[in-house]
Amino acid sequence: MNEKRGPTSGQLEFTFSRRALFIGGVQALVGGVVATRMAYIAVAENEKYKLASESNRINLTLIPPRRGWFIDRIGKPIATNRADFRVDIIPDRLQNREETLGTLTKLLDLKQEDVERIEKELKEAQGFQPVQVAAGLDYESFARVSVRLPDLPGVSPRQGFSRFYPSGAAVGHLLGYVGTVSAEEYRLDKNPLLITPGFKVGKQGLEKTMEMRLRGKPGAKRTEVTARGKIVRELSSRPDTPGKPVQLTIDIDLHNYAARRLGIESGSVVVIDCLTGDILALVSMPCFDPNSFSEGIGRLEWKMLNSDDRIPMLNKSLQGLYPPGSTLKPMAGLAFLKHGIDPEEKVVCGGGYRLGNRVFKCLGRHGPMDMRSAIMKSCNTYFYAMANRVGYDAIAPIARQLGLGQEFPLPFQSQRYGTVPDSAWKMKKYNQEWSRSDSLNAVIGQGYVIASPFQLAVMASRIASGRMLEPEILLKNRKPGAHLPFPDEHLQVVRDGMDLVVNGAGTAVRSRLEIPGITMGGKTGTAQVRAIKGGQRGQGGARRYRDHGLFVCFAPVAQPRYAAAVVIEHGMGGARAAAPVAKDVLTFLYDREKAMASLEALEAGWGGGIDERMARQYAAFQAGQGVPADERSEM
C-alpha cells in the first residue's frame, strides 16, 4: 500500500519565497504610488496646496465701492453717500441663531418687526449672502457689538457708506432707490461683490438704469485669521474706486420747490427748458422717501405706502395717464389752421353744439367766438364746430407731432404713452367706425384721449418754442431741435390765445405772474373722472369722483424760455388747483424770495413741510395698526 507524502522542505521554502516576493512587490508598488503621489503633490501641485493653506489662514474681504453721486445741472448734489456703521449676519458662519439674535436685540434695541424681518431673511438667504441687522448706527451701538464679536460668530459689524438723498421724498420718483441684492439677482450674476455686506444696487428709477456707471470698483482687505475665523491682524488693503457721477438736467432747487408747492395734493409738476428741451423739474407727489429704502424699509412703512389711495409708489409724471381736457385746445387750434380754418372766423356759442339729436354742452354762453377768444374762454362750442368740420383724423397727427402718444428715449424703467385715437385706432381696438361724436369728445380732451403730465409739458414746450424739442434728463451739449412744420403766424395765434387765458379775460386770470416785465401764457383743463349725469359735475362729493385739474403754460410770453405742465388729481379744475401751482413754480424761476414767502405761508396752513407731514402720517398709521405710543418712530 502506497503512502502519500507531504511537501518537502525544499518545496515549502520555494512557496514561501514566491509569496514573500509577491507581497514585497505589492508593497513596493504601493510605496512607489504613494511616493509618486507625494512627489506630485510636493512639486507639481505645490502652488495649489500652498494657496489652499494660505486661504485657511488669510481672509480676503471685499470693500464695497462708494456709489457715484447724482448732481444737478450746476453741480449741486442730489444723491450722495454718507459714512455710517452697520451690522450684518453671514448665514454660513452663524452657529446659534436664537442666542445670537437675542444678544443683538439687547445690544441694538431691535424692535419686534426688525427681529421678524431678520429671521425671515435668514431663512431665505443663501450661503454668504449677508442679512442686514441694522444700518445707520451711531458709534456707541457699533462699539457695543464690536466688543462682543468673540461671542457672536457670524456677526459682521462694518464701517462703510450708505446712500443719502438730501431732498428726501422730493426726489423719490426722479432717482428711485437702492437696496440689497436679491437671491434672483445674484443667480443671474454670481459676482461676489453683490453679496458683500453693505453693498447695494439700484432698484428703481435712475438708480437702476444708471447702475453700471454708478457702481464703481470694490477695494479689498487681507486679514490673518484663526481656524475659528477670529481676526489676528490686518495684512494689507486696497482702496475702492468710487463710481462715476451722473449730472442731470434738473435744477434741484426748482425741483424741490415744486415738490413742496404741491403740498397736500396728489399730482405732478414738469418744467422744460424751451431752448434745449432739458427737463428742469420732474415731480410726482406724494412720494416715498428713498432714504427709508436705503436704510432698509420697515414692514409697517411699506404697508402704509401700498395702502395709500394716492398711490405714492406711482411716478405720476411718467406713468400717470389722464384725460387732458381743454389743455389740448391750443393743439387743436394748430390743426384747424393747418387745414384752412380762418382764425378770425366766428362761431356763436349759445351754450352748446347740436349734433343730430344730441346737444354737446359748453361751460357757458359765450356768444361770438374766434380762435383766440375760444382758447381764452375755453369755449367748447367753437371747438365742437371746427372739429366736426375737419374731422379728428386731421387733428390726431398734429397731437402726435407735439408729443402726445410719443415714446421718449429717457433712462427710466417705464413710461406710459397714452392714446391719441383716430378712426384706424378705433377700428383696430373695437372693430367700430369712428363717429362724429367721437371727434367732439376728443377735441376737448375727453373720450378716448389720455396723456401723461410729461407729454403735456412737451406739448407746451413745442408750442412755445416752435421747435421739435426732444426732452432730456442727462446733461449734455445739444443742438436746438428742428422747426415744427407750422408757419410762425399759426403758432402765434395759439400763443396769443394762451396769453389771453392768463393776461386777458380768460380762465386763469387769478394766476397771472406778479413779476414786472414777465407774463405767462397758459391753458387750463378740467378732466372728468366719471360721466356727467344731469346737472351733476365732479366739483364736489367723494374725492375719487372729483374732476382732475390741469394747466399747461410757458413764460415769458414774448420770448418763451420755460414751459410747464401741472396736474392735480381730483383738484376739481385747472384754474382752481393747477394754475396757482404753476404760477408759484414759474415765479420761483424769476423771484425766489417772493415764491418762498408764498410757499412758507401755505406750508404753515398745511402743517409743515414734506418731512413733517410724512412723519405725522406714519405715526397715525402706526397708531391705527396698534403700535404702542412709546414704540412709534418717525420716518
Side-chain angles (χ1 to χ4, degrees), residues 70 165 167 169-179 202-211 248-250 255 258-259 262 265-272 279-290 293 302 304-325 327-328 399-400 402-421 445 448-461 470-474 525 527 529 543-544 548-552 564-571 577-578 581:
F70 280 107
Y165 305 89
S167 302
V171 297
H173 289 306
L174 173 66
L175 299 184
Y177 57 88
V178 298
K203 293 287 189 175
Q204 192 183 78
L206 294 176
E207 288 279 22
K208 183 176 179 65
T209 58
M210 305 300 295
E211 171 65 28
L248 305 181
T249 61
I250 294 293
H255 181 96
L262 280 172
E265 301 287 358
S266 175
S268 166
V269 177
V270 182
V271 183
I272 294 178
I279 303 167
L280 302 180
L282 187 66
V283 177
S284 172
M285 296 298 286
C287 186
F288 57 87
D289 185 348
F293 286 87
W302 176 250
M304 179 189 73
L305 291 172
N306 282 281
S307 62
D308 191 334
D309 62 0
R310 299 179 300 166
I311 319 179
M313 296 302 294
L314 177 70
N315 185 340
K316 297 175 178 64
S317 294
L318 294 173
Q319 297 174 301
L321 293 177
Y322 310 88
T327 60
L328 291 195
R400 298 187 185 104
L402 294 181
L404 302 185
Q406 183 176 345
E407 177 179 353
F408 301 102
L410 297 173
F412 291 95
Q413 289 173 269
S414 62
Q415 300 174 53
R416 297 177 70 188
Y417 308 115
T419 301
V420 177
Y448 299 117
V449 185
I450 50 175
S452 71
F454 184 74
Q455 291 173 332
L456 296 179
V458 173
M459 178 188 72
S461 72
E470 291 296 333
E472 183 57 77
I473 194 71
L474 302 178
V529 173
R543 177 182 177 275
R544 66 180 183 275
H548 299 314
L550 306 93
F551 188 67
V552 296
V566 178
V567 175
I568 305 296
E569 292 183 336
H570 310 292
V581 173

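Just so you know, these numbers use all the heavy atoms, side chains as well, and skip hydrogens, waters and symmetry mates.
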Quick one: does any side-chain atom of Arg400 pair with a main-chain N or O of Val420 as donor and acceptor, under 3.5 Å? yes

Please step through side chain to side chain contact (heavy atoms under 4.5 Å, CB included) for the pair Leu175 and Tyr165, ending with a clear verdict. CA-CA 9 Å; Leu175 299 184; Tyr165 305 89; 3.9 Å; yes

With a 6.0 Å cut-off (strictly less than), is the heavy-atom count around CZ of Arg544, excluding the residue itself, greater than 12? no

Nearest-0.5 Å distance, SG of residue Cys287 to CG of residue Leu305: 9.0 Å

Just so I know, are the side chains of Leu474 and Thr249 near enough to count as touching, which here means a heavy-atom distance under 4.5 Å? no

Output for pair (Glu569 CD, Ser268 OG), nearest 0.5 Å, gives 9.0 Å

Contact check, side chains of Val458 and Leu402, non-hydrogen atoms, under 4.5 Å: no

With the side chain counted from C-beta on, respond yes when Thr209 and Leu410 share a heavy-atom pair under 4.5 Å apart, and no when they do not. no

Hey, can you tell me if His548 and His570 have their rings parallel, tilted or perpendicular (30° and 60° cut-offs)? tilted

Check ring-ring contact (aromatic ring centres under 6.0 Å, His included) between His173 and all other residues, then give those that pass, not counting sequence neighbours. Phe288

When the aromatic ring centroids of Phe454 and Phe408 are compared, is their separation below 6.0 Å? yes

Quick one: CD on Gln406 to CD on Gln415, what's the gap to the nearest 0.5 Å? 9.5 Å

Considering all heavy atoms of both residues, which atom of Thr327 and which atom of Met459 are nearest to each other, and what is their separation? O-CE, 3.3 Å

Of all the heavy-atom pairs spanning Lys316 and Ser266, show the shortest one and how long it is. CE-OG, 3.0 Å

Contact between Leu280 and Ile272 at the side-chain level, heavy atoms closer than 4.5 Å - yes or no? no

What closest approach, in Å, do Arg416 and Gln319 show between heavy atoms, and which atom pair accounts for it? CD-O, 2.9 Å

Locate the shortest heavy-atom distance separating Gly403 from Gln455; write the atom from each residue and the value. O-CG, 3.7 Å

Does the pair Leu174 and Ile473 meet the rule for a side chain to side chain contact (heavy atoms under 4.5 Å, CB included), with working shown? CA-CA 10 Å; Leu174 173 66; Ile473 194 71; 4.1 Å; yes

Beyond-backbone contact of Phe412 with Gln204, side-chain heavy atoms, under 4.5 angstrom: no

What residues form a salt bridge (Lys or Arg N to Asp or Glu O under 4.0 Å) with Glu470, not counting sequence neighbours? Arg462

Run Leu404 and Leu328 through side chain to side chain contact (heavy atoms under 4.5 Å, CB included) and show every step you take. CA-CA 10 Å; Leu404 302 185; Leu328 291 195; 3.4 Å; yes

Test item: Val449 and Pro323 side chains (from C-beta on) under 4.5 Å apart, heavy atoms: no

One should read off an interatomic distance between Asn315 CG and Ser414 OG, to the nearest 0.5 angstrom, of 8.0 Å

Can you check whether Ile568 reaches Leu262 side chain to side chain, under 4.5 Å on heavy atoms? yes

Min side-chain heavy-atom separation Phe70-Leu248 under 4.5 Å: yes

Where do Ala259 and Ala170 come nearest, in terms of heavy atoms and distance? CB-CB, 3.7 Å

How far apart are the closest heavy atoms of Ser317 and Pro453, and which atoms are they? O-CD, 3.6 Å

With sequence neighbours left out, what residues match Lys208 under salt bridge (Lys or Arg N to Asp or Glu O under 4.0 Å)? none

